[in-house]
Number of protein chains: 2
Amino acid sequence: MSARIEDVARQAGVSTATVSRVLSGKPYVSAAVRQRVLDAIGELNYHPSRVARSLRVQRSSIIGLIISDIQNPFFTAIVRAVEDVAQQRGYSVILCNSDEDVEKELTYIQLMLAEQVSGMIVSPTASNNEVYRRLVERRVPVVAIDRRADDVPMDMVVGDNVSAAHQLVSHLIENGYRRIGAVLGIPEASTGAERYQGYQEALLEHGLPLAPELVRSGMPRSQNGYELTLELLGQTLRPDAIFTGNNLLTIGALRAIHELGLRIPDDIAVAGFDELDWMFLVKPALTVVMQPTYEMGRQAAELLLARIDDPERPPQQVVLQPTIKVRESSRRVSVTV
Amino acid sequence: MSARIEDVARQAGVSTATVSRVLSGKPYVSAAVRQRVLDAIGELNYHPSRVARSLRVQRSSIIGLIISDIQNPFFTAIVRAVEDVAQQRGYSVILCNSDEDVEKELTYIQLMLAEQVSGMIVSPTASNNEVYRRLVERRVPVVAIDRRADDVPMDMVVGDNVSAAHQLVSHLIENGYRRIGAVLGIPEASTGAERYQGYQEALLEHGLPLAPELVRSGMPRSQNGYELTLELLGQTLRPDAIFTGNNLLTIGALRAIHELGLRIPDDIAVAGFDELDWMFLVKPALTVVMQPTYEMGRQAAELLLARIDDPERPPQQVVLQPTIKVRESSRRVSVTV
DNA sequence: CTGTTAGCGCCTTCAG
DNA sequence: CTGAAGGCGCTAACAG
């Protein structure tokens, strides 16, 4: 079909070894020969087979990226960042979507291994830590992003979820809200668990009771945010504020509130996670956490490349601080306890 | 490192060829032997090297997907669909982001070729048709999605943009709007050009003049939608309605309108493309086009797989009809001409 | 039904 | 500074 290294060698009147040297920028090739080879490459429009190279060097120049929801803008920003870094360093990216499914995640990890990826970046769906422990032991470069695999000594870059949730909920309390409902992601993911923890701590510190009937959790999809919020707001003693633990859940909650005809922040306040900048549409009173999403992806990619270069370096754990943004004051004067 | 086919063969007491046969589900292997091989595979936790297989069969089980903006929900739905189909048929997906950059697009196409992909799905950034023509001639399976590569006899799945734009603009006109501004994507992409055409035709059919000062175009990013809309609305004789030719531009336009304190539809009407379901936040009066995004991706993947199976089949061109959705009536009684 | 063998395209010693 | 040759792991003839 297309030109092979042998064709180039013949055309340039050298051996394949020399062509290979030129290709990989090795020294010890005379300028004249190098130019001849380069010309031949150009004339034949030669592109080396990455597959053959991968087989030979036992390592492809591919980075695997396994995220849990490609349709979540949070993750697309990460994809974008990883791609940028990868491309700049000569790697390409294989993207897979675990869809919050532990089985799929495992399958894709196997796929990546079979594909000889140089390394992978994964947002672990749940705590199937054994898998990651084994990868680390086998010296497979892998970094966790957004979510942790607890107790596994591996590279990771995550957000400070406890603190962020704590700040959001505290902000609500300090503005007079008392019955604060929570719409959270699944507790199996570290993000869900940590944000729940921040919620609890904030309540306790302000002397408010933990009311299990005010807490709901589900897969992070906007439809769930919608349904869970309807559930919360359908109770006789309904919450006067909602804390949402994930950007898609936030969207769903807003829709539910909208449908019920409740006004923000007079009837109900909302504070939650949201990395998008589209919340401006809901004019008033929304406290949001924006995570430095692109930065997370960038750092994860850098960590991965560093580990590929040095498999024995000590694991790094990067914790990024999210930005709290108050769209409008959620203040309200009367307090109903 | 990990087990190779030879190890499995030894463990099972057979030859590598037999193991290979079992692996690829070929017939002519006795049940007993097959079981022994399967056991050996299990015991050794063997996973065949896809790289070696790719080199051998001169074709990887990878599908390349080149889209122009990973952060655009329109494309993520496509990614999702392609992945679903691919995975189901035993393919994995390499995703690349051309970022509306013709150079990058070309680079990625080369990368895909070097990676020996089975085929690729691309949303062509501009009309670098020669590239696609050459791919088609070389019998490289490739399908265009969302945008066309004009005059190239290739598989494609696109939306009926002219008709959609025509309907949107007509709807505005029929509701009494007369000075209809347009915020469009780049005309180099077929989508931009076709939507502009629909806009023009609708105006002409209703006897309205084409006013160049009412038309703006730029890269499909929300920031551009914002800026271009501000430009349009900053004119002395400002438009009474805006037609937006892309979902991100729509978002930007809404923000601009929001910032200027204009009310929809009393001060200004909006009709545009938007595949998201988040527009509910802008309560009244928005006419939108929703494209069957997932379906586009699915069909593109199916076309690609069909072409991989039969490189000589005639090219198929699938044109999907978008759904027009009127959020609220944009009707207004008084007509200002 | 099963084994032997010859490469796929490239890189990388090891000699010159 | 350059060439010759072996082999990465697998599959597809071709023999048995």
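Lettering of chains follows the sequences in order, A, B, ..., and the numbering in each one begins at 1.
When heavy atoms are screened at a 4.0 angstrom cut-off, B:V19 is found touching no nucleic acid atom at all. As judged by a 4.0 angstrom heavy-atom cut-off over every strand, A:V51 is placed among residues making no nucleic acid contact.
Using modelled atom types, one finds no donor on one side chain facing an acceptor on the other under 3.5 Å when comparing A:N97 with A:Y108.
Residue A:R21 contributes atom CZ, which lies 8 Å from atom P of D:dT2 at whole-angstrom precision. In this structure, the CG atom of B:L113 is 15 Å from the P atom of C:dG9, given to the nearest Å. When the P atom of D:dG9 is taken as reference, atom CZ of B:R10 falls 12 Å away, rounded to whole Å. The nearest whole Å value for the distance from the CZ atom in B:R4 to the C1' atom in D:dG7 is 11 Å. B:Q58 places its CD atom 16 Å from the P atom of D:dC10, with the value rounded to the nearest Å. Rounded to whole Å, the distance from CD on B:E115 to P on C:dG9 is 15 Å. One atom, CZ of A:R50, and another, P of C:dC11, lie 11 Å apart when rounded to the nearest Å. We find that CG of A:L55 is positioned 11 Å from C1' of C:dC11, with the value rounded to whole Å.
In this structure, B:E83 does not pair ionically with B:R80, as no charged nitrogen and carboxylate oxygen lie closer than 4.0 Å.
When distances are taken from the side chain of B:S30 to each of D:dA12, C:dC1, D:dC10, the shortest belongs to C:dC1. Here the nucleotide nearest the side chain of B:R56, chosen from D:dA4, C:dG9, D:dA12, is D:dA12. Comparing D:dT11, C:dC10, D:dC10 by their nearest atom to the side chain of A:Y46 picks out C:dC10. Set against D:dT11, C:dT12, D:dG9, the side chain of B:V57 has D:dT11 as its closest nucleotide. Comparing atom distances between the B:I5 side chain and each of D:dG3, D:dC8, D:dT11 picks out D:dT11 as nearest. With distances taken from any side-chain atom of B:S49 to the nucleotides D:dC10, D:dA5, D:dT2, the minimum falls on D:dC10.
An OP1 or OP2 oxygen of D:dG3 is reached within less than 4.0 angstrom by a side-chain nitrogen or oxygen of A:T18. The side chain of A:Q116 places no N or O atom within less than 4.0 Å of a non-bridging phosphate oxygen (OP1 or OP2) of D:dC8.
Looking at every heavy atom in both residues, B:I94 comes nearest to B:E115 through CD1-CG, 3.9 Å.
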What do the steps show when you test A:R50 against A:S60 for side chain to side chain donor-acceptor pair (under 3.5 Å), and what is the final call?
CA-CA 7 Å; A:R50 300 177 51 121; A:S60 74; over 6 Å; no
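Side-chain N or O atoms of A:D146 include none that pairs as donor or acceptor with a backbone N or O of A:S123 at under 3.5 Å.
Mapped onto DNA chain D by nearest heavy atom, B:H47 and A:A17 fall at different nucleotides, with A:A17 at the one closer to the 5' end.
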